[in-house]
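Some notes on the structure that comes next.
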Amino acid sequence: MSIRFDQVEKSYAVYERPQDRLWELLLRQRRHRTHVALSGVDFAVQPGETFGLVGENGAGKSTLLKIGAGTIRPTRGHVTRNGRVAALLELGAGFHPEESGYDNMRFMAALHGLEGEAMARFVDSAIEFSELSQESLRRPVKTYSSGMFMRLAFAGATAIEPQILIVDEALSVGDMHFQKKSLDRILGLRDQGATILFCSHNLYQVRSLCQRAAWIHDGRIQELGPTEAVVTAYEAHERGRYLHLRSEAPTTALPDSAALPAEAAPAVPGGVPLVKFLQLRTETADGINMAQLESFEDLSVEIELEAYTADPFHVAFSIVRPDKDNVFGTATHLRSDAKALTGIGRHVIRVRFPGIPLLSGEYLWSVYVLDDSGFQVIDMAELIQPFKVLNKTKKEFGLVWLDHEWSSAEVSEAASKEDEPTTA
Ligand SMILES: Nc1ncnc2c1ncn2[C@@H]1O[C@H](COP(=O)(O)OP(=O)(O)OP(=O)(O)O)[C@@H](O)[C@H]1O
């Protein structure tokens with residue numbers, strides 16, 4: 001139930017032109033350059049642990065997952081897997097397009113070495129989970145919609161009751177209903193003690209799900225440790241990169257915050273979300289949705305939502321800087337009672353910030369509607385309703401006011417002389 005990478009390295013031969021591969025074979029002359037995609041990767045995901053991988057595009061995350069899953073071999077080093085592995089990477093890549101859904105499930109069972117009763121149980125369980133009709137299952141999978149294809153592929157990949165799960169942002173499988181069902185399956189396996197290696201660009205998900213994480217940079221592990229420390233270091237790096245890009249390319253600077261959209265598009269594909277964010281309203285003594293506040297004013301926030309499902313859900317929101325840094329975020333599942341919202345229809349949540357300690361600057365709001373696990377985003381609106389804060393009372397500077405106490409002590413000359421080092 002664990003997975004271990006020992007000094008793993010992966011290099012690819014890169015050919016300028018496709019025909020160079022042939023010339024190399026014929027002439028026995030090197031016609032390629034070597035690209036090192038991963039090097040010196042050495043860590044273990046412990047039994048029952050959920051381990052996150054973060055890193056920018058091209059850093060080597062997918063290469064590492066594929067090596068972990070055994071779909072590609074490392075150039076050096078090796079991987080040890082103890083337990084049944086399900087890799088939720090390139091779902092359906094092994095399907096035979098001309099064969100039926102049924103037959104593809106039988107092939108998958110055979111690949112896992114299952115026969116007779118065990119094969120029948122695997123096929124039944126996958127088919128039941130996929131919710132595909134008997135008629136669809138008898139058709140060749142090449143006639144499936146992409147959603148149907150992914151549903152069957154996910155169902156087949158997880159039907160072996162895996163002990164180790166390797167997940168590459170495969171959480172958006174099919175429509176909203178199936179996305180939730182597949183996520184619940186992953187969380188269920190985790191709760192039963194499965195070991196999970198999880199890669200995502202969604203740092204909220206990595207933070208919520210993983211105990212430890214690694215940041216991969218240019219094919220090497222840059223940081224490895226408790227998730228919060230690793231993700232924070234990665235965010236700081238990304239921020240530096242972003243500021244660098246902004247300073248180098250003034251034409252790509254953020255738009256004037258006032259021009260930002262009032263409501264961002266839903267995060268999730270598949271039409272209307274099951275719970276929709278409607279609006280955010282702020283209130284101070286001066287009025288509703290004021291474009292400018294004063295530091296230490298009382299501020300109330302009201303978030304209105306519409307649920308089209310009776311399923312419980314959570315709401316998170318944050319105060320954000322224009323460069324997307326969160327100043328403060330909270331969520332209903334982080335309340336002491338962690339109570340989810342339920343019921344079809346309109347919901348309004350209110351949060352009061354007595355004497356909000358923001359200092360002068362520009363801020364915005366981001367709102368996320370989450371499922372009952374507090375993990376999957378159902379709807380969101382990021383960087384909405386820009387507002388300014390003006391600090392008229394304090395001289396201190398920065399983003400937020402921090403309570404602090406000064407103290408000083410006079411150090412007498414005699415005492416300080418006593419502390420001086422003596423030379424022999
Ligand atoms: N088959 C291949 N041949 C040559 N180079 C490859 C091959 N596969 C991956 N690479 C290179 O290896 C590096 C790591 O790629 P990888 O797909 O692992 O990155 P990643 O971190 O998963 O990126 P992303 O976040 O964009 O998915 C990249 O530079 C990529 O171009």
Side-chain angles (χ1 to χ4, degrees), residues 3-25 30-43 45 50-79 81 85-94 146 150 153-154 157 164-173 196-207 209-210 212-225 227 230-231 233-242 245 267 269 324 377:
I3 179 160
R4 152 150 226 108
F5 297 86
D6 280 307
Q7 290 301 333
V8 165
E9 183 176 317
K10 178 72 189 175
S11 306
Y12 290 107
V14 181
Y15 294 87
E16 286 291 308
R17 301 166 307 164
Q19 59 268 39
D20 285 344
R21 194 182 288 269
L22 185 64
W23 284 120
E24 186 173 89
L25 268 176
R30 189 182 158 105
R31 290 272 179 140
H32 70 266
R33 63 181 174 83
T34 303
H35 174 71
V36 182
L38 273 184
S39 134
V41 172
D42 196 84
F43 71 96
V45 185
T50 304
F51 190 98
L53 285 182
V54 298
E56 54 208 51
N57 292 133
K61 304 177 298 295
S62 306
T63 305
L64 183 59
L65 293 185
K66 285 183 205 159
I67 290 175
T71 50
I72 59 173
R73 284 218 193 100
T75 316
R76 288 213 180 83
H78 60 272
V79 181
R81 289 172 287 264
V85 182
L88 307 182
L89 317 170
E90 303 170 312
L91 281 173
S146 58
M150 293 296 272
F154 181 94
I164 300 174
L165 264 178
I166 298 182
V167 188
D168 188 6
E169 309 206 69
L171 298 175
S172 44
V173 178
I196 303 180
L197 180 58
F198 172 66
C199 166
S200 180
H201 286 286
N202 184 330
L203 300 182
Y204 172 75
Q205 291 188 340
V206 175
R207 279 193 161 105
L209 197 63
C210 305
R212 287 192 308 148
W215 161 24
I216 313 282
H217 183 66
D218 274 348
R220 292 185 165 273
I221 292 183
Q222 182 82 14
E223 294 247 1
L224 188 150
T227 303
V230 172
V231 172
Y234 172 56
E235 279 176 331
H237 164 82
E238 284 291 279
R239 207 158 34 239
R241 222 162 58 104
Y242 168 81
L245 283 177
K324 285 192 166 188
V377 179

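Throughout, residue positions are numbered sequentially from 1 according to the sequence presented. Remember, it's 1-based here, ligands and their atoms both numbered in the order they're listed.
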Sequence-distant partners of T34, side-chain hydrogen bond (donor to acceptor under 3.5 Å, both in side chains), two or more places apart = R30
State whether the number of non-hydrogen atoms from other residues, nucleotides or ligands found under 6.0 Å of Q19 atom CD is greater than 12.
-> yes
Backbone of V54 reached by a side-chain donor or acceptor of K61 within 3.5 Å | no
Distance filter under 4.0 Å, heavy atoms only, around ligand 1 gives Y12, H35, A37, E56, N57, G58, A59, G60, K61, S62, T63, H201
Salt-bridged, R207 to E235, with N to O below 4.0 Å?
-> yes
Counting only N and O atoms by type, is there a donor-acceptor contact under 3.5 Å from the side chain of K10 to the main-chain atoms of R73?
-> yes
Could you tell me whether R4 atom CZ has more than 12 heavy atoms of other residues or ligands within 6.0 Å of it?
-> yes
